*Asks:* 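If you scroll down you'll find the structure; I have some questions about it.
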Amino acid sequence: MTGLDILWQFYQSYIAPFLDVLILAFLLYKAYELIIKTNTLQLFKAALIVALAYAIVWVLHLQTMLWIFYKMGPVLIVAFAIVFQPEIRKIMLKLGRAEWLTFGSKSRHTSVDAVIQAAEKLSEMRRGMLVVFLRTTKHENIISTGTPLNADVTAALLLTIFDHDTPLHDAACFVQNGKILAAGCFLPLSEQYDIKKTFGTRHRAALGMSEQGDCVVLVVSEETGAVSLAYDGELHYNLSVLELTHKLEELLDTSKEIKRKDTIDEYKIS
């Protein structure tokens, strides 16, 4: 037996089984993460019920029921796809924007500080705010519902937009690469059925937008002044300024750029 044969036998006996278990564990974890983040547990429950019913019919050899399953199988698949179309769409969007399937670098946002300053001020004034930070998914159809601006992000401009007397204050702003792309955009409302009844239209819109694509939505409550973030189909309510800053830096990948800017400012001061 040659050294190559020994290595191959070692690979088949030890390394290959380990890789099998490792890859399977990774795929199961990703599947679980996908189910949790897209709120598609109902879809898998329905599929499990159908599969369980078929297994019982097959084990008991119920010929008539088996015939019905065979004849109705294609129809059930089509009906399943139609009924659960929103859930399937969320899964496809999530898979399409997964980091391990994405090529190229993410765009960096340099406007976090300005948005947070405006959010703090509007929170004190009990005025609502809705800002969508774009990441990798494009939303031209939703952006087109608003007024194009293509203006630099500043706290003053955001405060002006979300003032009570302006026609744009009730809808959302879209922000990307330090620019306000558009204001007065109408967002889709969340399809989740277990949202707290105390949440108003802004929070439902923020949550709905985070369900539709890869974005981060900042929302300020007009009733309570609470500042929250919605992303990956979940709403993180009433965050502190520190929590808000850290979370936005993490989600938008701005921490390195902010540190570099601070270093340059320190150099200029010295």
Side-chain angles (χ1 to χ4, degrees), residues 107 109-135 137 139 142-190 192 195-252 254 258:
S107 61
H109 298 259
T110 58
S111 50
V112 172
D113 288 340
V115 175
I116 292 177
Q117 288 173 15
E120 282 187 275
K121 187 65 176 176
L122 290 166
S123 174
E124 294 173 2
M125 300 164 66
R126 292 292 191 274
R127 293 186 180 177
M129 179 182 186
L130 202 52
V131 176
V132 181
F133 291 93
L134 291 177
R135 293 199 285 186
T137 307
H139 294 284
I142 300 177
I143 295 174
S144 63
T145 63
T147 302
L149 293 180
N150 195 29
D152 291 337
V153 177
T154 64
L157 179 56
L158 289 169
L159 289 171
T160 301
I161 291 172
F162 290 103
D163 188 84
H164 276 307
D165 297 328
T166 66
L168 304 177
H169 80 279
D170 270 335
C173 283
F174 276 80
V175 172
Q176 188 176 42
N177 296 329
K179 296 283 187 179
I180 299 178
L181 303 181
C185 304
F186 295 98
L187 306 184
L189 298 182
S190 175
Q192 295 183 29
I195 303 175
K196 292 182 180 180
K197 293 182 179 180
T198 54
F199 288 156
T201 305
R202 279 193 180 87
H203 291 87
R204 292 174 182 271
L207 195 53
M209 188 66 208
S210 72
E211 295 168 355
Q212 293 291 323
D214 183 31
C215 59
V216 181
V217 188
L218 183 148
V219 55
V220 178
S221 171
E222 194 168 283
E223 289 75 20
T224 64
V227 184
S228 310
L229 284 181
Y231 55 90
D232 292 332
E234 294 183 1
L235 182 67
H236 301 263
Y237 185 72
N238 196 19
L239 300 177
S240 67
V241 174
L242 187 60
E243 290 173 328
L244 194 65
T245 303
H246 287 329
K247 186 55 68 174
L248 281 174
E249 287 177 4
E250 176 189 340
L251 294 170
L252 303 175
T254 61
I258 290 173

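The model shown is predicted, which means the values in this text are computed figures rather than measured ones. We count residues from 1, following the sequence as given.
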*Asks:* So does S240 get a backbone contact from the side chain of E243, meaning a donor-acceptor N/O pair under 3.5 Å?
*Replies:*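 Yes; judged by distance alone, with no hydrogens or angles, the pair exists.
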*Asks:* So, for F133 and Y231, is the gap between ring centers shorter than 6.0 Å?
*Replies:*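 Ring centres of Y231 and F133 not closer than 6.0 Å.
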*Asks:* I want to check something: taking the side chain as every heavy atom from C-beta on, are E222 and R202 in contact at a cut-off of under 4.5 Å?
*Replies:*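 In short, these two side chains touch, coming nearer than 4.5 Å.
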*Asks:* Roughly how far, to the nearest 0.5 Å, is CD of E249 from CG of L244?
*Replies:*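 Separation between the atoms: 10.0 Å.
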*Asks:* Given side chains that start at C-beta, do those of V216 and S210 come closer than 4.5 Å, heavy atoms only?
*Replies:*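 A side-chain contact is absent here, since even the closest heavy-atom pair is not under 4.5 Å.
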*Asks:* Are any of the side-chain heavy atoms of C215 and R135 separated by less than 4.5 Å?
*Replies:*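 No; the side chains remain at least 4.5 Å from each other.
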*Asks:* Determine, stepwise, if the pair L189 / L207 fulfils side-chain contact (heavy atoms from CB on, under 4.5 Å).
*Replies:* CA-CA 7 Å; L189 298 182; L207 195 53; over 6 Å; no
*Asks:* Do D170 and L130 come close enough that some side-chain heavy atom pair is under 4.5 Å?
*Replies:*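 No, too far: nothing below the 4.5 Å cut-off.
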*Asks:* For the pair V217 and V131, evaluate side-chain contact (heavy atoms from CB on, under 4.5 Å) and give the outcome as yes or no after the intermediate values.
*Replies:* CA-CA 6 Å; V217 188; V131 176; over 6 Å; no
*Asks:* Looking at every non-hydrogen atom in both residues, tell me the closest pair between G225 and V220 and how far apart they are.
*Replies:*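 Smallest interatomic distance, heavy atoms only, reads O-CG1, 4.3 Å.
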*Asks:* What's the shortest heavy-atom distance between L218 and A119, and which atoms?
*Replies:*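 Smallest heavy-atom distance, with atoms named: CD2-CB, 4.0 Å.
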*Asks:* So, R126 and E223, do they make that salt bridge, N to O below 4.0 Å?
*Replies:*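 Result for this pair is no, no salt bridge flagged.
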*Asks:* If we only count heavy atoms from C-beta on, is the V219 to Y237 side-chain gap below 4.5 Å?
*Replies:*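 No; the side chains remain at least 4.5 Å from each other.
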*Asks:* Going by atom type alone, with no hydrogens or angles, which donor-acceptor pairs under 3.5 Å involve a side-chain atom of residues 148-161 and a protein atom two or more places apart or on another chain?
*Replies:*
residue	atom	partner	partner atom	Å
D152	OD1	K179	NZ	2.6
T154	OG1	L157	N	3.1
T160	OG1	A156	O	2.9

*Asks:* Is the shortest side-chain heavy-atom distance between L134 and I143 below 4.5 Å?
*Replies:*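 L134 reaches I143 side chain to side chain.
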*Asks:* Give, for atom CG of L229 and atom NZ of K247, the distance between the pair rounded to the nearest 0.5 Å.
*Replies:*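 L229 atom CG to K247 atom NZ measures 8.5 Å (nearest 0.5 Å).
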*Asks:* Who are the ring pair (Phe, Tyr, Trp, His ring centres under 6.0 Å) partners of H139, not counting sequence neighbours?
*Replies:*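 None.
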*Asks:* To the nearest 0.5 angstrom, please state how far the CG atom of L187 sits from the OG1 atom of T201.
*Replies:*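 L187 CG to T201 OG1: 11.0 Å, rounded to 0.5 Å.
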*Asks:* Output the distance between atom OG1 (T224) and atom CG (N238), rounded to the nearest 0.5 Å.
*Replies:*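 Those atoms lie 6.5 Å apart.
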*Asks:* Between F162 and M129, is any pair of side-chain heavy atoms under 4.5 Å apart?
*Replies:*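 Yes, their side chains come closer than 4.5 Å.
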*Asks:* Which residues pass the side chain to side chain contact (heavy atoms under 4.5 Å, CB included) test with E120, not counting sequence neighbours?
*Replies:*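 Expected list: I116, V241.
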*Asks:* Is there a side-chain contact between D163 and H169, using heavy atoms and a 4.5 Å cut-off?
*Replies:*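 In short, these two side chains do not touch, never coming nearer than 4.5 Å.
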*Asks:* To the nearest 0.5 angstrom, please state how far the CD atom of E234 sits from the OG atom of S228.
*Replies:*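 Those atoms lie 13.5 Å apart.
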*Asks:* Can you name the nearest heavy-atom pair linking L168 to G184, along with the distance?
*Replies:*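 Result for this residue pair: CD2-CA, 3.9 Å.
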*Asks:* Is a side-chain N or O of T145 found less than 3.5 angstrom from the main chain of C185, in a donor-acceptor match?
*Replies:*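 No.
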*Asks:* Going from CZ on F186 to OG on S144, what distance comes out if it is rounded to the nearest 0.5 angstrom?
*Replies:*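 These two atoms lie 11.5 Å from each other.
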